[in-house]
Amino acid sequence: MDGCVTFPLARAHAVLLVLLLLAAAAVAPAPASKLQCHSGDRAALLAVKAAFGNASYFVSWTADIPCCHWFGVRCDATSSSSSAAAATGGRRVVGLAIMRDASVSGPVPGAAIARLTGLQELLFLHVPGVSGAIPPALARLSALTDLTISRTGVSGSVPAFLGELRALRSLDLSFNALTGAIPASLAALPRLASINLGRNRLTGAIPPLLLSKAGPEAFLTLSHNSLSGTVPAEFAAVSFVQVDLSRNALTGDASVLFGRGKPLLVAANLSRNALSFDMSRLELPERLASLDVSHNAIRGGVPAAAGNLSQLMFFNVSYNQLCGELPSGMASFEVYSFQHNKCLCGAPLPACQA
């Protein structure tokens with residue numbers, strides 16, 4: 001078995017975002033005066049529809065349906081009364097989700113989306129026909145807090161201009177065809193707490209200050225790329241809840257991801273790299289539920305405290321250079337979790353020789 005049990009807490013946020021956006025389009029119709037969005041936003045949405053060739057996804061985007069009731073569109077609630085809507089020019093569009101539809105194809109219409117100046121959440125998910133580079137016009141979305149472009153045909157680099165989105169809290173660009181390095185500009189974002197760039201073709205080193213301003217909880221997924229270099233020493237100051245750096249070409253010491261300053265760490269996957277450090281010195285947090293460090297060059301032994309972790313459900317240290325007796329609490333795990341090491345012994349492996 002490859003990879004740890006996933007605890008997609010950040011991903012759950014994206015799922016919740018999808019549900020909220022689609023729920024906005026699923027409620028019973030209300031009077032047009034209460035659902036009519038800002039006229040400029042309506043025009044921008046129609047430009048998005050036109051850019052995608054009036055694909056079937058946009059079948060509800062018609063003149064007889066108020067635009068705040070269009071599928072995948074969410075408007076704010078602050079101006080839902082007719083008087084407030086009139087004073088502000090209509091309700092502002094704050095969420096746009098385009099997902100799970102193969103009929104949507106073409107580049108991301110950045111210029112049209114950028115006209116949605118109140119947009120807070122933008123999601124392209126499971127739309128393989130969406131292609132091309134991430135457009136620079138998205139940098140004008142100053143209110144954007146959540147950006148997801150995942151499982152699309154988008155290519156090119158992770159653009160440095162994303163560092164201009166000062167309100168951004170969550171960035172998910174996973175499962176695309178992005179290349180090049182992770183821009184250091186992402187480290188400057190003051191509210192960014194969740195990054196998922198997994199399943200791309202990224203190269204180069206991890207920016208040392210990435211998520212350095214994340215606050216009390218940080219989520220990082222960079223798996224299935226071709227990243228090189230070391231795990232930044234600066235990660236010692238980041239309070240990770242979930243970190244996945246698996247299937248890259250990282251080297252050196254990754255012990256900075258653990259220790260007394262990481263009490264919230266629930267899941268860590270560092271498998272299939274070239275990491276080398278003394279595992280016996282690791283301080284594993286009590287909340288740890290999943291740890292995969294398989295297929296590296298890690299030495300030492302399994303920490304005695306690992307056998308006392310009550311929430312630990314997945315543990316894999318196979319294909320390393322570990323030695324010594326396993327803690328008694330490890331007996332409940334499968335043999336494969338410990339195989340292909342230097343000289344590990346004890347249940348579930350054969351008993352140690354006197």
Side-chain angles (χ1 to χ4, degrees), residues 1-9 211 214 216-221 223 230-246 250-354:
M1 181 176 180
D2 175 45
C4 63
V5 174
T6 57
F7 289 80
L9 303 179
L211 292 177
E217 295 186 349
F219 304 82
L220 179 63
T221 298
S223 62
T230 60
V231 175
E234 291 81 356
F235 277 6
V238 180
S239 182
F240 287 109
V241 175
Q242 178 179 339
V243 57
D244 186 351
L245 306 179
S246 63
L250 300 172
T251 59
D253 190 358
S255 61
V256 295
L257 297 172
F258 306 91
R260 294 182 181 179
K262 311 287 186 179
L264 301 181
L265 185 65
V266 172
N269 189 345
L270 310 178
S271 64
R272 296 184 183 272
N273 281 285
L275 299 169
S276 178
F277 57 92
D278 187 349
M279 186 173 183
S280 60
R281 298 182 179 181
L282 292 188
E283 294 185 37
L284 301 178
E286 294 182 1
R287 293 181 57 182
L288 190 66
S290 178
L291 177 65
D292 190 346
V293 295
S294 63
H295 294 269
N296 282 288
I298 299 171
R299 62 189 184 278
V302 176
N308 300 321
L309 298 175
S310 60
Q311 299 185 50
L312 191 63
M313 295 186 294
F314 184 88
F315 189 80
N316 191 345
V317 296
S318 62
Y319 291 90
N320 280 290
Q321 299 172 13
L322 299 174
C323 198
E325 186 173 7
L326 293 173
S328 58
M330 297 285 98
S332 61
F333 291 99
E334 299 291 338
V335 171
Y336 72 79
S337 297
F338 307 99
Q339 289 179 329
H340 301 283
N341 273 286
K342 189 175 181 180
C343 51
L344 284 178
C345 58
L349 296 175
C352 299
Q353 300 298 316

Please tabulate, for the side chains in residues 338-351, all donor-acceptor contacts under 3.5 angstrom to protein atoms that are two or more places apart in sequence or on a different chain.
residue	atom	partner	partner atom	Å
H340	NE2	Y319	OH	3.2
N341	OD1	N320	N	3.3
N341	OD1	Q321	N	3.3
N341	OD1	L322	N	3.0
N341	ND2	V317	O	3.0
N341	ND2	F338	O	3.0

For N316 and H295: C-alpha separation, side-chain torsions, deciding distance, then whether side chain to side chain contact (heavy atoms under 4.5 Å, CB included) applies.
CA-CA 9 Å; N316 191 345; H295 294 269; over 6 Å; no
Test side chain to side chain contact (heavy atoms under 4.5 Å, CB included) on L257 and L265 and set out the steps.
CA-CA 9 Å; L257 297 172; L265 185 65; 5.6 Å; no
Would you check, one step at a time, whether the test side chain to side chain contact (heavy atoms under 4.5 Å, CB included) holds for I298 with F277?
CA-CA 5 Å; I298 299 171; F277 57 92; 3.7 Å; yes
As a quick check of understanding, evaluate side chain to side chain contact (heavy atoms under 4.5 Å, CB included) for L250 and L270, giving each step before the final call.
CA-CA 9 Å; L250 300 172; L270 310 178; over 6 Å; no
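Minimum heavy-atom separation, L264 to E217: CD1-CG, 4.0 Å. Of all heavy-atom pairs spanning N273 and S271, the tightest one is ND2-O, 3.2 Å. Of all heavy-atom pairs between A306 and L284, the closest is CB-CD1, 3.9 Å. For G300 against S280, the heavy-atom pair with the smallest separation is CA-OG, 4.3 Å.
Annotation: side chain of V293 is not in contact with side chain of L275 (no heavy-atom distance under 4.5 Å). Side chains of P303 and M279 form a contact here, defined as non-hydrogen atoms less than 4.5 Å apart. Two residues are said to be in side-chain contact when any heavy atoms from C-beta on lie closer than 4.5 Å; L312 and M330 meet this criterion. The shortest side-chain heavy-atom distance between V302 and F315 falls under the 4.5 Å cut-off.
Annotation: the span from E334 atom CD to F314 atom CZ amounts to 10.5 Å, rounded to 0.5 Å. Within the model, atoms CZ of R281 and CZ of R299 stand 7.5 Å from one another, a figure rounded to the nearest 0.5 Å. F258 contributes atom CZ, which lies 12.5 Å from atom CZ of F235 (distance to the nearest 0.5 angstrom). To the nearest 0.5 Å, the span separating CG on L288 from CD on E283 amounts to 13.0 Å. One distance of note links CG of L245 with CG of N269; it measures 8.5 Å at 0.5 Å rounding.
Checked against side-chain contact (heavy atoms from CB on, under 4.5 Å), N308 has no partners two or more places apart in sequence or in another chain. Applying the salt bridge (charged side-chain N to carboxylate O under 4.0 Å, His left out) rule to R287 yields no partners; only residues at least two apart in sequence or on another chain are considered.
Counting only distance, with no hydrogens or angles, the side chain of S239 and the backbone of P216 share a donor-acceptor pair below 3.5 Å.
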